[in-house]
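Letters go in sequence order (proteins before strands), and every chain restarts at 1. Computed from a prediction, not measured in an experiment: that's the story for all the values here.
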Protein chains: 2
Amino acid sequence: MLKSERHQIILKEVEKRNRVQLQDLVQRLNVSIDTVRRDVKELDGEHKLRKVHGGAVSLGFASFSPQRNSIYALEAKTHIAEKAIGMVSEGQVIFLDGGTTCLEMARSLPAEWELKVFTHSIPVALELLQKPRYTVEFIGGTLSPESHLAQGIAAVRQLAELHLDMAFIGTGYVDAEHGLSESVWETAQMKKSLIEAARKTVLLCISEKVNSHHRFRSCSLDRIATLITEKDPGDSELKNFQNLQLDLR
Amino acid sequence: MLKSERHQIILKEVEKRNRVQLQDLVQRLNVSIDTVRRDVKELDGEHKLRKVHGGAVSLGFASFSPQRNSIYALEAKTHIAEKAIGMVSEGQVIFLDGGTTCLEMARSLPAEWELKVFTHSIPVALELLQKPRYTVEFIGGTLSPESHLAQGIAAVRQLAELHLDMAFIGTGYVDAEHGLSESVWETAQMKKSLIEAARKTVLLCISEKVNSHHRFRSCSLDRIATLITEKDPGDSELKNFQNLQLDLR
DNA sequence: TTTAAAACAGCAAAAAACAGCATATTTAAG
DNA sequence: CTTAAATATGCTGTTTTTTGCTGTTTTAAA
């Protein structure tokens with residue numbers, strides 16, 4: 001089989017499924033994994049697809065808004081997003097954090113509203129830009145290659161100058177004792193500045209993350225006005241939070 | 001068998017199957033591999049097919065570019081990008097403007113380099129983030145829904161604090177008399193701040209835009225160190241620029 | 001942290017491409 | 001018709017490309 005034939009087949013496959021595993025291509029093309037790897041690498045070099053560990057993804061898709069059907073616990077996050085949107089009203093100035101939960105919220109915000117939204121997440125920004133009446137303010141900084149999120153000193157400085165009605169944030173970990181925490185120092189710093197800038201902070205968090213903590217604390221629970229999970233506020237998983245000065249939804 | 005006969009058969013085969021292997025043609029035509037090779041090479045020279053290692057493919061078959069094929073004057077822009085990259089060296093701190101020419105430059109920058117790149121364009125940033133050794137610094141601001149570019153006061157203020165080795169910028173319009181100009185006021189303001197922040201400004205511009213101007217002037221030509229077009233520096237289209245204090249490439 | 005999979009670098013065999021040469025075939029001119 | 005020149009074809013030896021395999025390093029996930 002000609003190399004260009006293989007390339008064609010690979011591109012078709014990527015186009016169709018948005019992503020392929022190298023092993024699948026090995027089967028499909030009857031060549032060694034090394035050949036497939038080299039093919040994919042070459043196509044990546046020509047910007048016809050994007051090579052990732054173990055496979056390849058299509059470019060349009062590599063725009064990195066994570067593929068919706070691959071988001072972990074999507075249903076829970078949609079549910080959280082719905083509740084969160086119930087707290088927003090037209091004309092406000094809000095902040096949306098990165099992460100798939102906030103991305104889901106950005107997707108679900110009513111397109112017919114007029115809203116000014118700050119964010120430091122490229123996927124969130126791209127989602128919001130689809131809504132013609134929104135003003136999207138991007139907080140610049142050093143972009144993280146993994147999350148496509150602006151962080152670092154520049155970002156923190158910009159946040160320090162802001163005054164927001166409401167900030168919707170995610171977190172890596174949260175429990176009643178330690179508050180919010182992160183596994184990455186930079187991320188924790190961002191959350192801190194964010195919470196400073198907002199009159200009211202709303203934490204969006206799937207119940208799975210509740211009652212866990214990690215090394216870098218970003219904020220104590222008393223700075224959080226509202227905690228939204230996909231569970232009912234009375235759910236037993238949330239019992240550690242039910243007696244706090246915290247609006248549980 | 002006549003040569004033209006063989007050519008006909010080869011082209012038919014390519015048309016029918018989109019691809020052929022030279023060895024199959026050897027069988028089919030009863031001639032040596034060298035002859036087939038020479039035939040195919042000749043047809044490639046006449047742009048009737050594309051020769052690849054081990055065979056040939058039909059012209060339509062080889063090209064496959066879902067997004068990029070919609071870029072206007074892509075070839076010229078690629079050419080410009082190549083010239084521009086020749087001016088960059090590893091370890092520098094540079095700025096990349098938005099626009100398809102700069103995007104093409106971002107694509108073509110060597111992935112193995114280590115480089116810190118500032119930009120205010122989301123597409124450019126996403127492209128650069130694919131290169132693992134690059135540091136991408138995003139200039140935040142109000143995002144334009146059309147161009148996915150950060151602009152406005154916040155962006156200008158961030159630019160004012162920067163000191164860059166080199167800025168690669170595009171422009172809406174340029175001529176020898178009026179310098180650089182834009183049709184949108186906001187854009188012109190951005191370019192102004194940009195040029196202030198850079199020790200050296202390089203203008204990337206397809207020749208088509210040369211010798212045109214519009215309402216909002218962003219910069220006079222003496223602030224531009226280098227002008228890169230896809231044409232030869234001696235080309236008559238550029239005659240108005242050849243006597244200026246301007247590095248023409 | 002550990003562990004399995006994936007990526008990578010380098011090597012070697014096979015196939016293809018290439019350059020140069022010799023032979024054959026066609027063309028054109030005398 | 002003959003001959004010289006141009007062209008076409010096949011062959012030889014060399015170089016390049018492709019491909020699979022080895023062992024090692026890196027990456028991602030448990």
Inset, instruction - Pick base, sugar-phosphate or nothing for B:V52, based on heavy-atom distances below 4.0 Å to the nucleic acid. - result: sugar-phosphate
Legend entry - Closest nucleotide among D:dG20, C:dA6, D:dT9 to the B:T35 side chain: D:dT9
Inset, instruction - Please work out if B:Q23 contacts a base, only the sugar-phosphate, or nothing of the nucleic acid, heavy-atom cut-off 4.0 Å. - result: sugar-phosphate
Inset, instruction - Output the single nucleotide from C:dA17, C:dC8, D:dT9 whose closest atom is nearest the side chain of B:H53. - result: C:dA17
Inset, instruction - Inspect the contact between B:R6 and B:E42 and indicate whether a charged nitrogen and a carboxylate oxygen are less than 4.0 angstrom apart. - result: no
Legend entry - Between P of C:dA15 and CD of B:Q21, the distance in whole Å: 13 Å
Inset, instruction - Can you tell me the distance, in whole Å, between the CE atom of A:M1 and the P atom of C:dA14? - result: 22 Å
Legend entry - Proximal nucleotide (of C:dA7, D:dT19, D:dT12) relative to the B:D34 side chain: D:dT12
Inset, instruction - Using atom CZ of B:R6 as one end and atom P of D:dA8 as the other, report the distance to the nearest whole Å. - result: 9 Å
Legend entry - A:L29 CG - D:dT18 P separation (whole Å): 16 Å
Legend entry - Distance in angstrom units between B:E5 CD and D:dT9 C1', rounded: 16 Å
Inset, instruction - State which residue, out of B:L22, B:I10, B:V31, B:D44, fulfils the side-chain contact (heavy atoms from CB on, under 4.5 Å) condition with B:D39. - result: B:I10
Legend entry - Polar pair under 3.5 Å, donor/acceptor by atom type, side chain A:R38, base D:dG20: yes
Inset, instruction - With sequence neighbours excluded, tell me which residues meet ring-ring contact (aromatic ring centres under 6.0 Å, His included) with A:Y134. - result: none
Legend entry - ring pair (Phe, Tyr, Trp, His ring centres under 6.0 Å) contacts in which one or both residues fall within residues 83-114 of chain B, not counting sequence neighbours: B:F95-B:H120
Legend entry - Nearest-angstrom distance from the residue atom CG of B:L2 to P of D:dT7: 16 Å
Inset, instruction - Can you tell me the distance, in whole Å, between the CZ atom of A:R37 and the P atom of C:dA9? - result: 11 Å
Legend entry - Axis-to-axis angle between the two ends of the helix from C:dT1-D:dA30 to C:dG30-D:dC1 (five base pairs per end, rounded to 10 degrees): 40°
Legend entry - First of B:K3 and A:N30 reached from the 5' end of DNA chain D, by closest nucleotide: B:K3
Legend entry - Shortest side-chain distance from A:L22, nucleotide among D:dT9, D:dT18, C:dA7: C:dA7
Legend entry - Length of the line joining A:K51:NZ and D:dT27:P, which is rounded to integer Å: 12 Å
Inset, instruction - State plainly whether the residues A:E196 and A:R223 are in salt-bridge range, i.e. N to O under 4.0 Å. - result: yes
Inset, instruction - Identify whether the distance between the nearest side-chain nitrogen and carboxylate oxygen of B:E15 and B:K12 falls below 4.0 Å. - result: no
Legend entry - Backbone of B:L11 reached by a side-chain donor or acceptor of B:K48 within 3.5 Å: no
